[in-house]
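Encoded as structure tokens, the structure appears first; notes follow it.
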Amino acid sequence: MDSNAIEKKWSGRWAEKAAFQPDPDPGREKRYITAAFPYPNSPPHIGHGRTYTTADIYARYLRLKGYNVLFPMAFHVTGTPILAMAKHIAAKDPDVLGIFDRIYGIPPEKAATLSEPRTLVAYFSDEIEKAMKEIGYSIDWRRKFYSYDAKFNLFIQWQFRKLKELGYLIKGEYPIAWCPADKNAVSAHDTRGDVDPEVEDVTVIKFPVPGSPLSLVATTYRPETLYGVTNIWVNPKAKYVKARYKGETIILAEKAAQVLDLQLGLEITGEIPAADILKMRPVNPLTKESVPVYEASFVSPEVGTGIVMSVPAHAPLDYLALRDIGKGNIPMPQVVSLKGYGPAPARELVEKMGVKSQDDPEAEKATKEIYTKEAHEGVMVVGKYKGQKAIEAKEKIAEDLKAMGKAFHIVTIANGPVYCRCGAHVVVNILKDQWFIDYGVPEWKAKAKECLERMRIIPADTRGEYLYTIDWFKTRPCTRAAGLGTKFPFDETKMIEALSDSTIYMAFYTVSHLLHDIQASEMDEAFFDAVFLGKGPRAKDKKLARLRDSFLYWYPVDSRHSAGDLIRNHLTLYIFNHVGIFDDKKLWPRQIVTNGFVLMDGTKMSKSMGNILPLRKAIKEYGADVTRFSMVCGADLTSDTDFNKSVAEGVRSRILLISKLVQDSEHKTSKPHGRIERWLLSRLNRKIERAEKMYEELAIRELALDIFYDVVSDLQWYAKRSSESNLHDFFHKWVVLIAPFMPHYAEEYWEMLDGKGFVSFQSFPKADHSKIDDSVERGEELIRKVHSDIEKISELIGKKPSKVTIYVAGEWKRELYSLAKANPSFEGLMKAAAAKKMDMKAVQSVAKQIMKNVHSITVPLSQKDELDALKDAEGFLAKEYSCKVEVLPEEQAKHDKAKSSLPDKPAIVIE
RNA sequence: GCAGGGGUAGCGAAGUGGUCAAACGCGUCAGGUUCAGGGCCUGAUCGGUUAGUCCGUUCAAGAGUUCAAAUCUCUUCCCCUGCACCA
């Protein structure tokens with residue numbers, strides 16, 4: 001059977017019959033499944049497939065359970081990455097073109113035509129759609145849209161108007177990493193070396209200079225150490241300036257002033273030579289002490305304010321700089337006590353490490369060590385917060401100083417210096433009218449938590465992560481200056497940011513295919529209010545009733561699927577926005593399912609490694625069903641799964657084996673079921689019973705092991721044990737069970753087995769309890785054990801058996817097991833046996849065996865059951881070892897060894 | 001640092017108190033096959049031992065609870081992920 005041909009055949013038929021294009025059907029219960037929509041800036045690879053495959057398996061399972069199931073798909077094109085990709089292509093970026101060529105097989109000529117964002121989107125979304133069709137996702141493609149479609153834009157703008165009405169949209173200041181040359185926000189992919197600029201608040205403390213209106217402003221990460229300041233540092237090689245800031249005149253480095261101007265609004269009034277500063281005696285605002293100003297080379301005019309306060313007891317650099325100018329012996333007031341150190345931990349460590357000077361690279365190591373240690377273990381020994389932890393005092397002191405006007409804070413690049421690709425030094429800018437969504441509103445948070453509580457979360461142990469994220473969300477900027485998507489309705493020069501426009505789009509799917517005959521101009525506030533909220537002036541509009549009905553039929557989303565990394569943003573935003581926009585709790589999300597990633601041959605797929613397997617290539621090479629299988633069955637839902645050739649090959653060869661067996665059992669026969677068929681069906685019905693629960697819990701891996709791998713090994717055993725194949729009944733049930741995993745083969749098998757209609761729409765098999773037969777299964781286990789024992793023994797004695805005799809333990813030995821259960825001690829058992837007047841000599845040796853596992857005794861099969869099983873296998877065993885095989889009860893023994901037979905462990909005599 | 005998740009045989013990965021020397025898959029080794037290779041089949045794969053057995057030592061390290069621990073408790077070490085404007 002050629003898998004690609006089968007796939008084509010069945011995907012063709014599904015499409016032809018519009019099998020997966022459901023419409024509201026009030027007579028049937030619905031299930032609505034969505035997965036995070038793809039971002040088409042490159043072709044799909046197998047890593048993209050896991051979430052959708054999981055969702056599709058689930059959707060297909062629910063269909064078998066009789067639900068009317070909707071599984072739609074669309075494309076997310078919002079934001080800058082598509083623009084960036086188009087730009088790279090336009091610039092003929094060799095890296096990008098090389099990856100397309102080598103990995104995805106897109107020749108440079110073809111790639112060159114994709115320099116327009118919309119062309120690029122069209123091409124890659126088409127690739128994704130094709131791949132998704134080829135792999136057999138049961139998606140309703142009628143509902144497809146792009147997040148830059150005009151009608152979708154109107155929907156999103158409506159959403160934002162609602163958020164504003166609710167008071168969730170606010171305007172404020174926001175610090176961002178900024179390139180002063182490009183006059184643009186900077187993120188990781190805009191910087192040299194792809195450094196992600198981290199912004200960080202830093203405290204600046206004012207040291208007023210007596211007798212003048214001036215203040216020196218010192219930057220510090222450790223305001224609590226202000227008690228221990230001995231002096232101020234400036235760099236004599238740097239230029240310093242005076243600047244007006246909020247009615248005061250402050251002194252700081254010129255470079256610092258330029259950088260900070262953006263956020264502080266400084267007016268530079270003149271230069272001031274470092275030599276003049278060195279003569280000043282500024283006042284510590286906390287201790288009111290006058291301190292000298294000294295020079296130090298470690299002070300960088302670009303970091304902070306270019307002025308640093310010196311706390312030699314706790315800052316290695318400060319101590320080193322003092323020592324460098326011959327003042328290493330001045331008194332160093334202690335601020336923080338640190339276990340294992342004396343009153344000046346910085347000096348102690350510096351001496352211990354033998355750091356040479358402030359320019360010694362070791363100085364940084366010492367600094368890091370002291371800072372982290374003191375932050376976590378340090379306790380204040382002076383001041384208002386004496387006795388408190390340094391880390392707590394730090395915040396409080398900074399707040400106190402700010403409240404008194406003796407300090408302020410600035411925002412800097414924590415991991416600086418970072419450079420823009422244009423070469424400019426990245427600084428921090430404060431955006432004055434940035435729009436935010438305020439996820440900090442307490443009622444909103446409370447609703448989000450309520451929703452979470454009502455929701456089913458799979459895997460269950462990720463629930464805490466959602467809760468954490470809900471708590472952690474504060475205000476979140478929701479617009480950007482550039483990118484594709486939707487214009488922000490209250491400032492059309494801005495675009496709605498990419499995570500903010502994809503929070504309730506699942507509602508849009510319910511009507512997206514019904515909008516053809518509705519003009520965009522008609523889709524106003526009242527339109528969306530009517531369709532999605534059922535209120536407003538058009539709520540009774542008959543024309544909109546169909547849309548409203550469709551929405552109400554499908555909503556809420558019964559299961560949302562995504563990779564686990566989206567819990568921290570998208571999935572939590574999804575919860576927030578649903579509970580925010582939709583008052584009716586019946587419309588709130590019901591379930592979220594998250595999964596891990598796909599590894600390629602054990603390592604993370606990456607462009608630089610070149611180990612990316614394009615999805616369409618995988619499908620072509622291994623077939624759709626094998627690819628589906630290999631993507632999701634290798635690991636638990638949460639953990640990463642490995643896609644590799646040998647796993648895929650293993651799946652394929654198993655499918656081939658099954659195909660062969662199905663071919664042999666195409667038609668129903670009237671042949672009766674023998675013991676081995678009964679065994680197989682017993683196993684199958686047990687699996688069916690378990691499978692339903694596993695499907696409900698999306699225990700994909702367990703399912704795969706149980707209803708696929710395990711079934712294959714059952715079938716292999718069956719093939720050995722049976723003389724002729726009689727599997728029609730078995731497959732008729734099993735094929736439906738496995739169909740969600742391998743829909744194409746399942747359809748093909750179903751057809752071969754004379755099934756009617758699509759297997760995709762059959763009923764999930766019911767476990768037939770009358771077919772579950774414990775003794776048959778245990779009997780078969782026994783046969784397997786005996787089979788392998790014969791193998792072992794004949795190998796050990798180094799000869800092929802010419803005759804095998806199997807002695808089955810007598811009934812009295814079995815009775816002993818029951819007695820042992822009631823009397824779980826050696827003496828107890830012996831007494832009980834004596835009371836039954838058993839042959840105590842024989843009992844003793846059996847009892848010894850039993851006592852080994854007295855706490856976990858299982859009652860063995862009866863002698864008759866064991867005999868029946870083994871006699872049934874006589875022919876099989878004889879064939880296996882090409883010799884005569886005889887099964888006898890122990891009582892008919894012709895050999896001493898028979899005595900050592902035990903329940904579940906017949907004696908075997910090989911001659 | 002904070003939060004979350006982990007450390008099990010050569011590898012991946014099950015296993016949450018007894019039936020565990022530990023599923024399953026891969027790899028490796030041996031044998032078989034109308035056998036180039038590959039595939040397929042059978043067996044082995046902690047050490048020792050044996051007519052199918054039994055014994056010893058294991059589940060990051062250490063301590064404890066228990067008749068019984070990979071599984072429960074405590075301590076330590078190590079690893080991974082996230083920490084915001086990035087889709």
Side-chain angles (χ1 to χ4, degrees), chain A residues 36 38-39 41 76-82 84 174-177 185 187-190 196 198-199 371-372 375-376 391 431 434 436-437 439 459 461-465 467-469 471-480 483 485 497-502 564-570 596-597 599 601-602 633-636 638-642 644-647 649-651 653-654 656-657 701-702 704-706 708-710 713 716 719-720 785-799 801 824-825 852-858 880 897 900 904-910:
Chain A
Y39 193 83
N41 68 337
H76 194 217
V77 296
T78 307
T80 49
I82 283 172
Y174 190 67
I176 48 162
S187 65
H189 58 261
D190 304 313
D196 191 14
E198 292 165 33
V199 295
Y371 276 33
T372 31
H376 298 118
I391 196 159
L431 294 183
Q434 171 67 49
F436 298 88
I437 300 177
Y439 293 107
D461 57 12
T462 56
R463 183 178 292 273
E465 213 174 323
L467 197 59
Y468 178 85
T469 311
D471 273 328
W472 169 76
F473 264 128
K474 296 185 295 211
T475 53
R476 187 170 198 286
C478 59
T479 64
R480 291 211 67 184
E497 166 276 334
L499 281 173
S500 300
D501 83 336
S502 55
D565 59 332
L566 296 191
I567 294 174
R568 298 306 179 114
N569 45 53
H570 165 73
F597 298 111
L599 303 176
D601 292 324
C633 297
D636 280 344
T638 8
S639 27
D640 294 349
T641 185
D642 189 24
N644 61 57
K645 204 180 154 86
S646 53
V647 168
E649 293 287 0
V651 174
S653 70
R654 284 175 177 84
L656 289 177
L657 171 78
R701 178 189 157 79
E702 270 182 86
L705 285 179
D706 205 40
F708 183 68
Y709 285 97
D710 215 32
S713 55
Q716 283 171 326
K720 282 171 82 164
K785 211 148 69 178
V786 167
H787 177 254
S788 115
D789 282 351
I790 297 172
E791 182 89 30
K792 267 187 196 149
I793 299 167
S794 62
E795 197 169 306
L796 277 169
I797 59 175
K799 80 168 197 193
S825 73
K852 277 182 195 156
N853 271 323
V854 76
H855 293 285
S856 54
I857 285 177
T858 49
E880 285 285 301
K897 238 186 159 37
S900 61
D904 205 35
K905 198 174 281 177
I908 298 165
V909 177
I910 291 179

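Here is the naming used below: chain letters follow the sequence lines, and residue numbers restart at 1 for every chain. Note that these values count all heavy atoms, side chains included, but never hydrogens, waters or copies made by symmetry.
- A 3.5 Å limit on both hydrogen-bonding distances identifies B:rG7 as the Watson-Crick or G-U partner of B:rC77.
- Residue-level contact check: A:K785 touches neither bases nor backbone, having no heavy atom under 4.0 Å from any strand.
- Listed pair A:S788 / B:rG52 fails the phosphate criterion, with no side-chain N or O lying under 4.0 Å from OP1 or OP2.
- Closest approach to the A:K792 side chain among B:rU42, B:rA87, B:rA44 is made by B:rA44 (side chain taken as heavy atoms from C-beta onward).
- Pairing partner, B:rG56: B:rC46, with both Watson-Crick or wobble hydrogen-bond distances short of 3.5 Å.
- Within 4.0 Å of A:P906, counting heavy atoms only, lies at least one base atom of the nucleic acid.
- Considering only heavy atoms from C-beta on, A:Y468 stays 4.5 Å or farther from A:D471 through its side chain.
- The base-pairing partner of B:rC20, taking Watson-Crick or G-U wobble contacts with both distances under 3.5 Å, does not exist among the strands shown.
- Considering only residues two or more places apart in sequence or on other chains, A:Q434 meets the side-chain hydrogen bond (donor to acceptor under 3.5 Å, both in side chains) condition with A:T479.
- Summarising the base pairing, B:rG64 is matched to B:rC72 through a Watson-Crick or G-U wobble pair whose two defining distances lie under 3.5 Å.
- Look at B:rA84: it lacks any Watson-Crick or wobble partner with both distances under 3.5 angstrom.
- Distances shown here put every side-chain N or O of A:R463 at or beyond 4.0 Å from the OP1 or OP2 atom of B:rG4.
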Sequence-aligned protein contact record of nucleotides 24-30 of chain B, with B where the base is within under 4.0 Å of a protein heavy atom and S where only the sugar-phosphate is: SSS----
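- The side chain of A:T80 places an N or O atom within less than 4.0 Å of a non-bridging phosphate oxygen (OP1 or OP2) of B:rA87.
- At a threshold of 4.5 Å between non-hydrogen side-chain atoms, the residues A:L657 and A:Q716 count as touching.
- B:rU33 is paired with B:rG39 under the criterion used here, namely a Watson-Crick or G-U wobble arrangement in which both key atom distances are under 3.5 Å.
- Each of B:rC86, B:rC41, B:rC85 was ranked by its minimum atom distance to the side chain of A:Q716; first place goes to B:rC41.
- A:S502 places none of its side-chain heavy atoms less than 4.5 Å from the side chain of A:T78.
- Using a 4.0 Å cut-off, no side-chain N or O of A:R568 falls inside it from OP1 or OP2 of B:rU81.
- With sequence neighbours left out, A:F708 forms a ring pair (Phe, Tyr, Trp, His ring centres under 6.0 Å) with A:F629.
- Summarising the base pairing, B:rA14 is matched to no nucleotide, lacking a Watson-Crick or G-U wobble pair whose two defining distances lie under 3.5 Å.
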